[in-house]
Structures are given as C-alpha cells and as structure tokens.
Amino acid sequence: MADRTIVTPHLELRRRTAERDRGLREKVMSLEEAASFVSDGDHVAVGGCTISRTPTALIWALVRAKKKNLVISRSITSSEGDVLLGSGVSKHVITSWFSQGIVWGVSKVMRHYTESRKARFDEWSHMAIGLRYRAGGMGIPYMPVRSMIGSDVNALRGDEVKEVTCPFTGERLMALPALNPDIALIHVQRADAYGNAQLDGLQFMDIDIAMAANRVILTTERIVSNDQIRRAPDQTRIPFFTVDAVVEVPYGSAPHECYGLYEPFFDHMDALAAQTKADPEKGIKKYLDDFYYEPSSWSDYLDRLGAEALIDASRRGRSIYND
Amino acid sequence: MADRTIVTPHLELRRRTAERDRGLREKVMSLEEAASFVSDGDHVAVGGCTISRTPTALIWALVRAKKKNLVISRSITSSEGDVLLGSGVSKHVITSWFSQGIVWGVSKVMRHYTESRKARFDEWSHMAIGLRYRAGGMGIPYMPVRSMIGSDVNALRGDEVKEVTCPFTGERLMALPALNPDIALIHVQRADAYGNAQLDGLQFMDIDIAMAANRVILTTERIVSNDQIRRAPDQTRIPFFTVDAVVEVPYGSAPHECYGLYEPFFDHMDALAAQTKADPEKGIKKYLDDFYYEPSSWSDYLDRLGAEALIDASRRGRSIYND
Amino acid sequence: MTERKNYTASELLAVMSGRILEDGQIVFAGVGIPLLAATLAQRVHAPGLTILFEGGVVGPFVVPGELPPSTNEQRCTRRANMVLPITDVLLLLQRGYVDVGFMGGAQIDRYGNLNSSFIGNPEKPAIRLPGTGGGNDISSLTQMIVAMKHEKRRFVDAVDFITSPGFIKGGTSRADSGLIAGGMYRVVTDLAILGFDAETKEMQVIALHPGVEAEEVKDNTGFDIAIPDHVARTEPPQENELAVLRDVDPDRLYTA
Amino acid sequence: MTERKNYTASELLAVMSGRILEDGQIVFAGVGIPLLAATLAQRVHAPGLTILFEGGVVGPFVVPGELPPSTNEQRCTRRANMVLPITDVLLLLQRGYVDVGFMGGAQIDRYGNLNSSFIGNPEKPAIRLPGTGGGNDISSLTQMIVAMKHEKRRFVDAVDFITSPGFIKGGTSRADSGLIAGGMYRVVTDLAILGFDAETKEMQVIALHPGVEAEEVKDNTGFDIAIPDHVARTEPPQENELAVLRDVDPDRLYTA
C-alpha cells in the first residue's frame, strides 16, 4: 500500500494516461457500474471537504460492493471517513483533519481505529495535501513549499518529504511529493453526459484532484445537455476527458451539503455522532446496517433520511441565493 | 534593469506586500492618477493576450505620461508592444511571442527595434512565462518544469534558468524563476470600487499576474456595486486586496477585443500593420501622434476609432452570446 | 474587582482578541471565537478588516444567527467577495497577503507551539486528535493570534507533538528550521493577554484581565511564566462589544 | 499523374495532415492549416477528436466562415466545452493528456527541430522572428505533427536556432537532454509525408503525394533525405474532404 502514496514516475504516469479513452463520448451509468471502476487496494481521492459536496453516494456504492484496502485521501475527512473505516473498506486515510466536524468533537470512530492501530491516519497540512494534488495535476513530481517545516507533522512523514534549496535564492523549502490518485470520486451540481462538470460556490480541491487522478467518477445532481455546457464554457471546472463515469444522483452528498441545493442534514449528523460516541464500533456498524446495507436503492436510502429532512435541507441550501 | 527580472527574495517580497494597504476601501480614480502608480524602470506585467483584453487605455496613459525604461512582460505581445517600443516607454520586453498577430505577419516595429539592438526581447516559452507568474503568485521562488529543456530558448536565458533534480524520482527538470512584477495592468469586463474583478471568457494569465504583482491597476468596462459582486462570489477572479487602482474605461481594450463585448477593430489593425510595414519608425510615430498624443481624452481617442467601428466591433463581440 | 461579571469567559475571549485586530488587516480565521472576534472587530473599530476562511472564502460578512459550523460550508460564503479553491486561499498565506492567522488551541507550550494531533506518544497515543487542518500552514506562514481557555493541562512546558509551529525551541530555532516568516504574536486567554520575549521567545504575560491576579495565571500555567511586577490591565468588555456578540450569536453557539 | 489538380497546396496540406489524426485523440492545434485539418478530421472520420487552443480553450467547434485569426480570441471559444487559463491549458501537455501537438513551421531541420525565433546568428540576427509562443512547450511535451510548405530554405540541415525541439542532434540526444516524453512524429508538406528513423532520428520520406516524384522532394530539401525505393503514395484529396474544407473556410483564409 505504501508505494501507492509516493510519486509516480513521469513516464509511468503518461503511460497510464495514454491508455485512457479521452475522446468525447457519453459515459452515463449506474452507481454500481461506476463503483466497478474502483479496484481493491486503489488510492481513492475523495472530493469536497468536511461535510460539503462529499461524494456520499459513491462511497455508499463502494461500501455495498465490499471494496477492500482502499487508501483514501481527502482535504478534510468527516463522517464518510468513519464509514470507510467502520465498513472495512479502508484501513489507511491520508488527510489534514479527521473528525465528523468541529461541533461534534473528536470522532470516536477515528480514535477507535487509529489508536488501536487497526487503521492508519497519515496527517499532512491542509495546503500540503492540496499542493500534492496540484503537482500531480500539473505533471511535475514535486512542489516546493514553505510550510510543513520545523514541525512534527513533517518529521512524522519521514522520507515522504524532502528538503530542497532554491537554485536562485538559496532559500530552504520543503518538497512535497506529487499525488496522482488511482481514482477520484467527485460530486457536482451539474455535468453533461461526457463529464464536463460545472461547480457552484466552494470548489475545494476538486479540480486539482480531477486533473491529478488516473480516473474520475463523477456523480451529479443533474445531467444537463452538452449544448448548455457549451453556452457557458467558462463555467466548466472539470473537463470531460478526465472523467470516466457520470452518474446522476439527486442528493448525492446527503447527509452532507451540496452548495446552493441543500445544507447538511444536521439532525441526522447529530444522531450519528451520538450513536458512535456511545460505542464507536457498534455505533458505526448499526449506522452502516441502517443506511448502507439495508436500503434497496439510493432512493430507499433517501427515504430513510425522510422527506421532511430533505425539504428542510433543501430550503436552507437554496437560501444562499435568496439575497 | 536586469535585476528586476530575477527572483525577489521571500522576505523582501513580504516586506513590499506588508506595506500595501490591503484593506477593503474604495480606489476609483482617473487613468492619469492610476498611471502615476507606475515608476520609471518598473517591471510592468501586461494582462490579456495578443489582441484580447489588452489594457490599452493604461498603456495609452503611460505613453502620454512619458514613462521611461519600463520592463514589460506579457504572455504574447501584440501591437501594444510596438507602441511601447516606438514611444520609448520600454526598451525591454519579456514575452513568448511578439508580433501584431499571425494574420499580419512579422512585426516590422519589433524587428526594427530588436535587430538594431535598440530594444531587448527576452524570449521564454509561453508556459514558462505563465509558470513564472504562477510561482510568483504562490510565494515560491521557483517552479519545476519539463519544457524549456534541450532547446536554444533556455540556452539563451543563461543563468535565468537552472536545472534541478526531483528528490523523489531523480528526474531532471528546469527550475523557472518566480516573477513578481512591480505592477500589473489588467482590463476586465466588470469590477467593483474595491477592485473585486469578474472576468468572462478567456482568462489568459491575468489571475496569476494579479497575485504575483506588487501592485495592480485595474481598468474595467464598468464599475458594479459590491452587492452585485457578493451575490456571485464564485465569479470573482481577482480579489480586491491585490488591487491598488480601479478605473472605469469603456472600450478600454480597443482596438483589441474584450470578450463578449467587442471583437478586435480589424480595419484599424490592418491600417496600423500596413503603416508600420511601410516604415516601422515613421509608421509607429504617426500612429502615436494620431491616437496617443493628439487626442484630448480617452473619448477623443474613441472618436478617432469612429462610431461605426465601435458599433461593428460591439456587434461582433456580443455575438458570442447569440447561441 | 469582585463585582459580578456580565459576560461569559468565551465572550471575554472574543472581546479581548477582537481588540487586537486592526482596521485594514487580512485575517485568516477559524470558526468559533476567532470568527466572532473578527466580526466584532469589523463592527466596532475595524470596518475594513477582511476575513479569510480555509474553505476558500475571501471577505464574507457574517449573517447574525447563521454562524457557520465550519469554515468549509456554504454558510461561510454569505456575502463574500470571492470564493477560491482551498489550496489557493491557503497560498495567500505563503504569498504574504495575510496579516494575522487567528485560531483556537487545544494545547500550547512555552514557545507557542500548538498541538492538535496527539495526546501522549504519537507512536502510541492516549488520544488521537483530529490533526492540523490548515493550522500548520497558518502558523508556519503568518503572524498568529491564538484564543484559548487558560488551563494547566492546556498550557504545558512542551507539547507532545508540534502540529502548528510557534517558536519551536525558542531563540532563533524557528527561522533556523526554515520558517523565515511569521510566528506567534499573541495568546489570548480568559485570564490574560500573552506575548513572547523578543530574544528567548518564551511566553510571558502582557496584561491581566479584570479581576485576575498574577497567581491565578501562574496556577493555571504548566510552566514558569514571566509576569511583570506592574503588569498592565485590560479594560473590561464594553456594553457595545457585548451587544454585537449577542447580535451575531443570539443562540450563544460559541459564547455559552 | 499530370491531370489537373482540383485543390490548392494548402488544401492538400490540410487533407493529408487531417488524415493522420485519429478518433478520440486530443490535439493541441495552431490556427491555419492545423485548425482546418483537425476540423476536417472531426467531420470526416474522427467525431470524438478534441481540439485544444493555446488561449485556453478545450473542445471548441469551429463555426463555418468564422475561423479565428489566432488561438487567443473569443472566436476560439465558440461552442467550446471549457475555457481555462493559458498556463493550465499548456499544463495539459505536461500532465500527458494531449496526444498530438499540431502546428505550422517556418524552418525545420534534419532532426525535426523547428526555428521560429531567429534567421541568422541569434546574437545579431538577419531577422528577428516572433518567437516560440507555446511551440517550445508543445514540442517538448508531446508527440508532434508539423504542416508546412516544402521549400529548400525551410528544410535545412541544422536550424539557426532550436525554438521547438525535435530530436535535437538525433539518436538519444532528446531524451538525454531531459526531454523524456514526446518528439516529432510527422511532417506533412505539399510534397510528402515525412517521418523519422527509429534509431538515428533523421527525417525520411514515408509517402509521396499524387504527382510528386522523389527528385522533387530531394530538390526542395536542404539536406540529404532518405526516400525508400518503393515509397508509398498518398491517396489524392477526396471530394468530401475538399467540400468540408470549403464549407469551413469559405473565404479561403487559410487555403488560398
């Protein structure tokens, strides 16, 4: 697994990219079909941040497909990280911050798995994670940076970071290794059937992740026509040729938010936090049973969230445009 | 002059930035007042590319103010470069391509000044110019790159580029020196009085230039309210705190284009090309007299372009949204 | 000063740290006390203050009663001037556009190093904390203000793990490590305002809050801390300051 | 083959180079012949071909009669899928997303090096040309197709200045210099299709166009060029190919 997290040599990166079908073609499919692009042991980058634009539906599909040994990276990891550890899908998370969210305190699930060494949580600074993806997306093997120096965060990373000297100024900087995930999971407000994605509001690290990854699975609240995309090409944030699968999934981030469409499902998140605080292992297992394994479909999952919650989250979400 | 083109040490860059008034404040002024931010000898980065979103009005003001020894950098340099050389405002242009445009052939003005060594034209690859600005905007002193290797383009740059080795893969790359211009000139479709700028269509290198420069002068087709900006913050491309002056200048890029508003004034450009082809020095002097020195105001300059040309360019410009 | 206080400890923190912010500054703020304090400063004495949020937000304007639960959600973008990718808003710190980083702290030491990663030995921690987030970047790249409760278990001689570097081992060790800019500026607690010695970079008391005696600070600090004999005193929170706080956070999410 | 040709030299260039492009490829194209050829390919045999323009455009669809005069203007964005900053569209080359770079050339040499910077000694040039633009990046970072007129003064033994690297000095010198990916793939002229020897990296003739004899190529090439005894022949431009070209460029801006 460890070798999945260091730098892919350039010619190998190019070879993988050259093999991809990057032509303009339709790639709409089901969640289950899209999940089949993920292989056991893959490095999977998760789009969004904390409880915003999380590709929940794709994670739901990966859990149901019983994937194994995925290495997960994300800018900030929330309850979807607890789900990935609790389900056994991942034993290795690379992120800058890992807990459901500040207001819910320190995740007992994260603590349970990492303190017992059942899972590994590699900590990088938030900008370091971002610049690793960015270097990967730019096709360079490292990015010089002025943070993650002098602290124990870099010390703990060992050979995964290297000191470099600027050949012009002589300044000492840290070299961050490029990160090219095997596959990225990204949820957006709208995309066309080719995978051209337009994002509203907060973009997080999604664009760099898409450019860096060797494959991208896109879920979208709705699929729009390519004509619509072409009328405002300056709004496209992810180009179709990076995308391998497009799945239309309404409420695809629930119980997290999707900018301008729905805010987080706070009551649901409160209940999840309370349940895992009481008993991390049992709490998350019950959550998985109730919301991941038992529903017959994504619609059934949404039924379990409840119409009232869906309407309330949507009302709050759309309110960003009420001004 | 040469020392203006190498890397500014980080603490010096920070010192200059710390001295700037970056607070939220109105900064609307006249072209002449804005031009006074430029000092003789400054490194001036010019926004836009070729004949698109060129900050023509600002260059017009600099020429009229008889600035001297400016070092000019731009992604691709068109007729505004001929104007800057012909007027004596600059004797040093850093760019990737320098001529009015492919359809007009090789610029006789550029040839006249550079072949006679009256002016210097430092050639970098297009991506290298862009990555130099980007490194400057990121606050790192260099950017590793895989182009500008093996060619005479890098050979001619001497100590301005350095070979580096990736500490992870051992790959050889070129280090491009960060470029932090003293001042950037940028023309946009709309901005508020604080300098929050929203760009439509092609962005070129303007965002990186704004982030990298020590000052930014913004001209805008119109000044909109800060409320309007705040209703679509994800459309803001240049943040107010990088901007030192905002000038409302309708047709501020003419005779070049401004995306979605007007296309290039082709007849005017044809005439300029013909005039400078016949005699580069006299041709550009006459052009400067007719369009730069003699007009009493920017409106008078537009009068000389002519209402019919303004209407025609606008009709073509707006047609991008006719679909 | 035994009069009954008309404010909570959190309100005191917000008021005292808000006063340190200056008009025209750009402040990289966390949620909770930092956000409240920055909003307070904007409304009382620093109308040209700009707030940045880690989620990628430039210059938002907090809507009373709709405080964001994190810095990475749509509520953070209300009436913002700009929204950027996360990496780019963090790069503003590296470029030098940010005057102050402003965050809360779980554990701090004599040299202003912060720990939000591990309690105990990182190899076998008693508690795995959530980690750095942007804390390491902010404290590495700009001047820092930290607001936190003054408790002995939080103010320790040396943190178990340096998540967000202060002055490392004091003296010139921060710059020597390669961190040539920024550094800890102020720690604001419910007892005092703390700064750092110019040479040794050890934490010291700059001013005590109303009703607080030097002994109380010493008792609640896990290392010897210098307190000048004639230490300054802060002015108590004013009615207008408290009124703004209560307007912005009517549900007392962060000031209970 | 002395029959009267029903096409111009430029149309021949556009047809012959368009045929080399494959469906599903991503092509970084210049204006003029490259753009025409890529558009032709899209409409004849490669509907899934994607064009990139240096100005920052992904997947535009050329509107007949509105050919853009450069790759950096709004006309380039007509019916595009995406618009990016210039640096980012060029970075697609470095990341490896681009299959083919496709441009015109002013001067080329035996090893496929292109010069668009200086005629004569760069220190005291007879002519200062406009320079590299993205040419150096494209030819450094991806496989290249060049379309140009076959003239002795353009096909030289060694260019005066390597603006856009081909195989440098041949053999392994390109990779040795640090350019580990890409390289010259085809040169398409109005006389022939040219490739490069797998070992020596010297230019050689792959196929002659209709009516062209080997001698004509030798006479118009400024260095010894290998031509196989039984060299292949290209098929003449077809009516449907010419019809598309004339539909896209009715004013014959680029095919006169």
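Below, chains carry the letters A, B, ... as their sequence lines are ordered, and counting in each starts from 1.
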Given side chains that start at C-beta, do those of [X] and [Y] come closer than 4.5 Å, heavy atoms only?
{"X": "B/Glu263", "Y": "D/Glu73", "answer": "no"}
{"X": "B/Gln203", "Y": "D/Val83", "answer": "no"}
{"X": "B/Met148", "Y": "D/Thr132", "answer": "no"}
{"X": "D/Phe118", "Y": "B/Asp152", "answer": "no"}
{"X": "D/Glu123", "Y": "B/Leu156", "answer": "yes"}
{"X": "D/Pro85", "Y": "B/Asp208", "answer": "no"}
{"X": "B/His126", "Y": "D/Ile138", "answer": "no"}

Non-hydrogen atoms of chain D under 4.5 Å away: do they reach the side chain of [X], the backbone, both or neither?
{"X": "B/Arg146", "answer": "both"}
{"X": "B/Ser151", "answer": "both"}
{"X": "B/Arg117", "answer": "side chain"}
{"X": "B/Phe121", "answer": "both"}

Nearest-0.5 Å distance, [atom1] of residue [X] to [atom2] of residue [Y]:
{"X": "D/Thr87", "Y": "B/Arg132", "atom1": "OG1", "atom2": "CZ", "result": "12.5 Å"}
{"X": "D/Ser177", "Y": "B/Glu163", "atom1": "OG", "atom2": "CD", "result": "9.0 Å"}
{"X": "D/Phe53", "Y": "B/Leu202", "atom1": "CZ", "atom2": "CG", "result": "11.0 Å"}
{"X": "B/Ile129", "Y": "D/Leu90", "atom1": "CD1", "atom2": "CG", "result": "11.5 Å"}
{"X": "B/Thr114", "Y": "D/Leu129", "atom1": "OG1", "atom2": "CG", "result": "9.5 Å"}
{"X": "B/Phe204", "Y": "D/Glu54", "atom1": "CZ", "atom2": "CD", "result": "11.0 Å"}

- prompt: Does B/Asp323 CG have over 12 foreign heavy atoms under 6.0 Å away?
  reply: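 Buried by this count: over 12 neighbours within 6.0 Å.
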query: For atom NZ of D/Lys169, is the number of surrounding heavy atoms from other residues, nucleotides or ligands below 6.0 Å larger than 12?
result: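 Result for NZ/D/Lys169: open.
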Please name the pair of heavy atoms, one in [X] and one in [Y], separated by the smallest distance, quoted to 0.1 Å.
{"X": "B/Met205", "Y": "D/Ile86", "answer": "CE-CG2, 3.6 Å"}
{"X": "B/Ile149", "Y": "D/Gly178", "answer": "CG2-CA, 4.0 Å"}
{"X": "D/Phe161", "Y": "B/Val153", "answer": "CZ-N, 3.7 Å"}
{"X": "D/Arg128", "Y": "B/Glu123", "answer": "NH1-OE1, 2.7 Å"}

field: chain D contacts, top residue of B/Ala128, B/Gly317, B/Ser319 (heavy-atom pairs, under 4.5 Å)
entry: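 Top count of heavy-atom pairs under 4.5 Å with chain D: B/Gly317.
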task: Report the option among B/Thr77, B/Leu131, B/Leu199 that has the most heavy-atom pairs separated by less than 4.5 Å from atoms of chain D.
output: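 Of the candidates given, the most pairs with chain D belong to B/Leu131.
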- request: Counting only heavy atoms closer than 4.5 Å, note whether D/Leu253 contacts chain B via side chain, backbone, both or neither.
  value: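 For D/Leu253, no heavy atom lies under 4.5 Å from chain B.
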message: Please classify the contact between D/Asn115 and chain B as side chain, backbone, both or neither, with a heavy-atom cut-off of under 4.5 Å.
response: neither
Side-chain donor/acceptor of D/Gln94 to backbone N/O of B/Val145, under 3.5 Å: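 Such a contact is absent between D/Gln94 side chain and B/Val145 backbone.
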message: Using a 3.5 Å distance criterion without hydrogens, assess whether the side chain of B/Glu257 forms a donor-acceptor pair with backbone atoms of D/Gln74.
response: yes
message: side chain to side chain donor-acceptor pair (under 3.5 Å) for D/Asn72 and B/Ser52? Distances and angles first, verdict last.
response: CA-CA 7 Å; D/Asn72 317 309; B/Ser52 193; over 6 Å; no
